[in-house]
Amino acid sequence: MAGLREIEKQFFPLQKIQDVIDLFKNELKDNEPNLTLMSIVLGVIENILTVNRAVSSDADKSNTLEPIFPVIELSTIEALYTKFVTHIKRSVDKTKFPDKFATRELVKIVSDVVWCCLSKSFKDRAHLQSLYSFLTGNKLDCFGVAFAVVAAFQILEYNDVHLSLSEDHAWVVFGEDLKETAEVTWHGKGNEDKRGQPITASVVEKSWLYLNGQPVICNRHMEVAAIVSGINPSINLTVDSVEMGSLQQELLWLLYDLGHLSKYPMALGNLGDLEEISPTPGRPPPVDIFEESIESSKVHYHNQHVYPYTYLGGYHYRNHNYKKALKAWAEATNAVKNFNYNREDEEIYKEFLEVGNDLIPTMMKHVASENASRIHQTSISYDPDCYADFLRFYDGICEWEEDSKTPVLHITWAKQLVNSLAKFDPTVRKLIHLISEDGEESSSSSESDEESEEEREIIQDENRNQKKKVKAKKGKTHDKDKSDKINGKAEDS
Ligand SMILES: CC1(C)CN=C(N2CCN(c3ncnc4sc(CCF)cc34)CC2)S1
């Protein structure tokens, strides 16, 4: 790949969101969209709108709705682009690698070419995902390193090296029919990087970090989706750049319409979150997008992805649809239970810890207070579906822990479980029939014969058709800067 093509240059200067959309639309027509160019462009814009926000000096601007989209000059982009291309071409002697496909040795060399420039300072800050961050600050996060390696291979004109993504890690696939894998970045804190090594079946098996062999394997267009999905509109923990969020949202719809999100559940989840914050007229509601994310995981990844369910659960929780939230979280642990928990899976552990020990308790408290004012029937503490999903949630967590080298549960879990259990009304606990694997039925509590005939009728009327069978395993009597962004989004002024 040489310098920027004339057709790319004609889009500059970029002065509004639509100019960026037009540039990306043009790149995506190509079967080799220019990853380096697009990563640098998004990084420059993100930096101006979130990190180095122009403090408007003239007072009048502060109270107009006039957006502050920066003017992106071609010279700025071209200088950074040339710097990266030159760095890569100067560091790799292609004559030593005559093959059409990349080799493990070459993957390690290119990973080193990126790696050697990185500053050793902390790497889990925001806005470190783009080549702009690499070229101006010598900083990249875990994803950013893997992406930079893939962009470098595009410059070296290898079209077999692609990004492979799990829900908390990134690596590359390469070789004829992409059958080779290699670590190219680090993961987590305090873990020795394994760069250059293949990801073996034993590492992958029953591992959430490697999605049990069902990662998102990107083509060039999905690699564009990854950098767009990786846009971080956050200015700080509670305020987002409205412009940056809109740009990300419009680019994700562009990629969606072109079909490049169909095998990328997390990108669909990101789009659903953005639609919740600011709905696009004429587009499906967030729940439909979260359902598409779940469907994508079922169709393409054997339902092994967990985040599609936590995206949906989080949405329902924020919107007080507690019954649907419990159902989504039960399905999330139904997905995670097939993995064995290990020390590199903290991110998903933190998700479930928050659900079990913060969101569900808060929900049960909220509902308890609501009860006073609402008819019993509609409250989750009287609903056997909710109680069943609550039990399924914990059943999945316990099964996840089984056969794992690292324990999941500790006393806090047990305390919160008892606390939440107690919030369900005793009547609802009688309506759950636990079925063991061999089909043996048992009631979840002894029928108390002093129960008044009248109480029995109330229960039956309220919940006649709501008897729920909860499948319980025989002998297993157990029973993310994702904080809600309040609407304090920055007025870009
Ligand atoms: C439901 C949630 C808790 C909300 N946000 C979540 N994420 C935000 C977006 N994330 C992502 N979104 C798109 N692509 C990727 S690739 C990857 C692994 C490191 F490379 C992470 C990730 C990760 C997960 S999960």
Side-chain angles (χ1 to χ4, degrees), residues 39 42 123-124 126 128-130 140-150 162-173 183-188 191 199 207-211 214-218 221-234 240 245 248-249 251-252 255-256 260-261 263-277 286-287 289-291 293-294 296-297 301 305-318 325 328-329 331-333 335-336 344-355 358-359 480-485:
S39 180
L42 292 183
K123 305 161 259 189
D124 52 4
L128 302 183
Q129 76 283 40
S130 77
L140 282 173
D141 60 21
C142 160
F143 166 84
V145 171
F147 175 79
V149 170
V150 172
H162 285 288
L163 200 53
S164 183
L165 302 171
S166 76
E167 295 186 315
D168 190 45
H169 191 29
W171 59 95
V172 296
V173 292
E183 299 279 5
V184 291
T185 183
W186 81 93
H187 177 260
N191 304 315
I199 288 117
S207 148
W208 171 72
L209 190 66
Y210 292 94
L211 287 176
Q214 302 286 339
V216 175
I217 297 180
C218 296
H221 295 94
M222 289 168 73
E223 280 145 12
V224 177
I227 52 174
V228 171
S229 207
I231 287 172
N232 185 341
S234 303
D240 279 5
Q248 180 178 35
Q249 199 165 351
L251 285 174
L252 283 172
L255 289 154
Y256 177 94
H260 302 318
L261 304 191
K263 297 182 178 177
Y264 197 163
M266 287 183 289
L268 289 166
N270 287 343
L271 182 55
D273 276 352
L274 290 164
E275 283 294 310
E276 177 188 7
I277 294 169
V287 261
I289 304 167
F290 294 127
E291 290 299 349
S293 174
I294 289 167
S296 172
S297 173
Y301 305 106
H305 292 199
V306 181
Y307 278 155
Y309 296 105
T310 49
Y311 272 111
L312 180 63
Y315 174 81
H316 282 314
Y317 175 80
R318 290 189 296 273
W329 288 328
E331 289 174 5
T333 67
V336 87
E344 292 208 55
D345 294 342
E346 298 99 308
E347 282 310 306
I348 197 64
Y349 173 81
K350 286 191 290 193
E351 281 307 306
F352 287 123
L353 191 71
E354 184 188 32
V355 171
D358 176 359
L359 306 186
K480 243 262 126 317
D481 90 46
K482 286 107 188 171
S483 63
D484 281 1
K485 301 258 186 216

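All ligand and atom numbering here is 1-based and tracks the order in the structure. Please read all numbers here as calculations on a predicted model, not as lab measurements. Values below: every heavy atom of this structure, side chains too, minus hydrogens, waters and symmetry copies. Nothing fancy with the numbering, it's 1 onward along the sequence.
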Under 4.0 Å from one or more heavy atoms of Thr310, ligand 1 contributes atoms 1 (C)

Leu140 and Ala148 have their tightest heavy-atom pair at CD1-CB, 4.0 Å

Pro233 and Gln248: which non-hydrogen atoms are nearest, and at how many Å?
CG-OE1, 3.5 Å

Just how far is it from atom CZ of Phe290 to atom CG of Leu271, taken to the nearest 0.5 Å?
8.5 Å

The atoms of ligand 1 lying under 4.0 Å from a heavy atom of Tyr307, numbered in the order shown, are 24 (C), 25 (S)

Going by the order shown, which atoms of ligand 1 are within less than 4.0 Å of some heavy atom of Ser229?
12 (N), 13 (C)

Please could you name the atoms of ligand 1 that His169 approaches to less than 4.0 Å, counting only its heavy atoms?
18 (C), 19 (C), 20 (F)

Which residues share a ring pair (Phe, Tyr, Trp, His ring centres under 6.0 Å) with Tyr301, sequence neighbours left out:
His305

Side chains of Tyr315 and Asp273: any donor to acceptor distance under 3.5 Å?
no

Restricting to heavy atoms, the pick from Met266, Met222, Gln129 nearest atom 23 (C) of ligand 1 would be Met266

With a 4.0 Å heavy-atom cut-off (strictly under), which part of Asn270 contacts ligand 1: side chain, backbone, both or neither?
side chain

Check each heavy atom of Glu351 against ligand 1 and say whether those closer than 4.0 Å belong to the side chain, the backbone, both or neither.
side chain

List the atom of Val173, the atom of Ser164, and the distance in Å for their closest heavy-atom pair.
CG1-CB, 4.1 Å

Between the candidates Tyr311, Phe143, Phe147, Phe290, which shows the shortest non-hydrogen contact distance to atom 5 (N) of ligand 1?
Tyr311

By ring pair (Phe, Tyr, Trp, His ring centres under 6.0 Å) - contacts of His187 (at least two apart)
His169

Only heavy atoms of Ala170, strictly under 4.0 Å: list the atoms of ligand 1 that pass.
20 (F)

Per-atom contacts, ligand 1 versus Ser166 - under 4.0 Å to a heavy atom
16 (S), 17 (C), 18 (C)

